[in-house]
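Please read the structure below before turning to the comments.
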Amino acid sequence: MAEQNPGETGNSQRGLNVLVSGAAGGMCRGINKRLGRAGHTLLCVDLDLERCQAAVDELRIEGFTAHAFAADVTRQDDVERLRTDVKAVVGEVHALINAAGVLDQKMLLDHDVDSFSRAIDINLVGPFALIRAFAEDLLAANWGRIVNVSSIAGTTGYPYPSYAASKAGLSNLTRSLLVDFWGTGITVNSVCPGVVDTPMVIQQVRDQVPHKVPTGKIIDPDEIGALISFLLTNDARSINGADLVIDGGATQIFQWFDQAQG
Ligand SMILES: NC(=O)c1ccc[n+]([C@@H]2O[C@H](COP(=O)([O-])OP(=O)(O)OC[C@H]3O[C@@H](n4cnc5c(N)ncnc54)[C@H](O)[C@@H]3O)[C@@H](O)[C@H]2O)c1
């Protein structure tokens, strides 16, 4: 069947209905604005309705169309209610951006099973739950975009194992879903950022950026938004199952000497 992009072949003024999890977070400030500028309707989901509504209010002031929803993406009942509520507001969802996440800065000996499991739940089970909840709708439309916000920590080793393991799992979940959406206009990709300028990033890491990142710069959330915005277009229809690394070159270089010294 020919691919149909509702944003191009339907009511193009309306754009796509895009559900963004973790929408009250730092990176989503950039993601939401880019998607708003592209004319999409934002369905903003986060744990806390007040924070989510504040993010939506900011978007509306800029003239974008956005709606706030509260849900814990690790809870099946919350996700099911979210699907019902979202459908009541916009009808159908065309794209899912899984950006909700947590960086639990615990090394092995600081973790126990509960803390490790919670990180896996938020970073891996949550995206699965949202994709599962909306998969049949995307399949029925025969078109869709799924973007999982993973991390370079999922492709390299990292001192915080719950984060690295959950993001590695998320990137591989991405690839594994290609079979389910075979022959449709639905693509599934991961975006793997390096160090992005959000409250998640501590000062010690920020200070290291000029020495560890070949561009010498921390990444602006707007850059992540630009990449995701492109992935939602028809021009990106053949980008599928990719881990799109956006890290200023950090993971591509083995440093033989310490940039701090010379
Ligand atoms: N900041 C970075 O440098 C960086 C780098 C690589 C990847 N990432 C990833 O990007 C995404 C966004 O990160 P950020 O920097 O904006 O962090 P953030 O902490 O500012 O935002 C994360 C958001 O997710 C929400 N959230 C957490 N658990 C949730 C749950 N169970 N249900 C619903 N929402 C939940 C939080 O309330 C928060 O608003 C995360 O997945 C993170 O792992 C960030």
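Start at 1 and go down the list; that is how both ligands and their atoms are numbered.
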Check if Val201 has a non-hydrogen atom at a distance under 4.0 Å from any atom of ligand 1.
-> yes
Out of curiosity, is Gly194 lining ligand 1, as in a heavy atom under 4.0 Å away?
-> yes
Would you call the rings of His111 and Phe116 parallel, tilted or perpendicular, where under 30° means parallel and over 60° means perpendicular?
-> perpendicular
Atoms of ligand 1 close to Gly22 [distance to a heavy atom under 4.0 angstrom, numbered from 1] | 23 (C), 24 (O), 25 (C)
The protein heavy atom nearest to atom 31 (N) of ligand 1 is Asp72 OD1, 2.9 Å
Hey, looking at atom 22 (C) of ligand 1, which of Pro221, Gly101, Ser150 has the closest heavy atom?
-> Gly101
So which heavy atom in the protein is nearest atom 16 (O) of ligand 1, and how far is it from that ligand atom?
-> Met27 N, 2.7 Å
What protein heavy atom is closest to atom 36 (C) of ligand 1, reported as residue, atom name and distance in Å?
-> Asp46 OD1, 3.4 Å
With a 4.5 Å heavy-atom cut-off, do Ile146 and Thr187 have their side chains touching?
-> no
Val93 and Leu43, any side-chain heavy atoms less than 4.5 Å apart | yes
Relative to each other, are the rings of Phe69 and His67 parallel, tilted or perpendicular (30° and 60° limits)?
-> tilted
Just going by heavy-atom distances, which of Ile218, Ile224, Ile122, Val195 is nearest to atom 28 (N) of ligand 1?
-> Ile122
Any ion pair linking Arg75 and Asp72 (charged N to carboxylate O, less than 4.0 Å)?
-> no
Please check if atom CZ in Arg132 has more than 12 non-hydrogen atoms from other residues, nucleotides or ligands closer than 6.0 Å.
-> no
Atom CD of Glu50: over 12 foreign heavy atoms under 6.0 Å = no
Please say whether Thr198 places an N or O atom under 3.5 Å from an N or O atom belonging to ligand 1.
-> yes
Going by heavy atoms, is Ala24 under 4.0 Å from ligand 1?
-> yes
Is the closest heavy-atom distance from Ala71 to ligand 1 below 4.0 Å?
-> yes
Side chain to side chain, Leu244 and Leu231, heavy atoms closer than 4.5 Å = yes
Any atoms of ligand 1 less than 4.0 Å from a non-hydrogen atom of Ser151? List them with their elements.
-> 6 (C), 7 (C)
Which protein non-hydrogen atom lies closest to atom 20 (O) of ligand 1, naming both residue and atom, and how far is it?
-> Gly26 N, 2.9 Å
Test item: Thr41 and Val18 side chains (from C-beta on) under 4.5 Å apart, heavy atoms = no
Of all protein heavy atoms, the one nearest atom 19 (O) of ligand 1 is Met200 CE, 4.0 Å
Does Arg51 reach ligand 1, in the sense of a heavy atom lying below 4.0 Å from it?
-> yes
Distance from Ser21 atom OG to Asp46 atom CG, nearest 0.5 Å?
-> 8.0 Å
Arg34/Asp222 ion pair, N-O < 4.0 Å = yes
Ranked by distance from atom 21 (O) of ligand 1, the top protein heavy atom is Gly25 CA, 3.3 Å
Arg118/Asp114 salt bridge by N-O under 4.0 Å criterion = no
Closest to atom 29 (C) of ligand 1 among Val205, Leu47, Asn123 (heavy-atom distance) = Leu47
Number the atoms of ligand 1 from 1 as they appear, then name those within less than 4.0 Å of a heavy atom of Val149, with their elements.
-> 9 (C), 10 (O), 11 (C), 41 (O)
Short version for Cys192: what comes under 4.0 Å of ligand 1, heavy atoms counted, is neither
Between Lys33 and Glu62, is there a salt bridge with N-O shorter than 4.0 Å?
-> yes
Of the protein's non-hydrogen atoms, which lies at the shortest distance from atom 40 (C) of ligand 1, and what is that distance?
-> Ala99 O, 3.2 Å
Residue and atom name of the nearest protein heavy atom (relative to atom 41 (O) of ligand 1), distance in Å to one decimal = Lys167 NZ, 2.9 Å
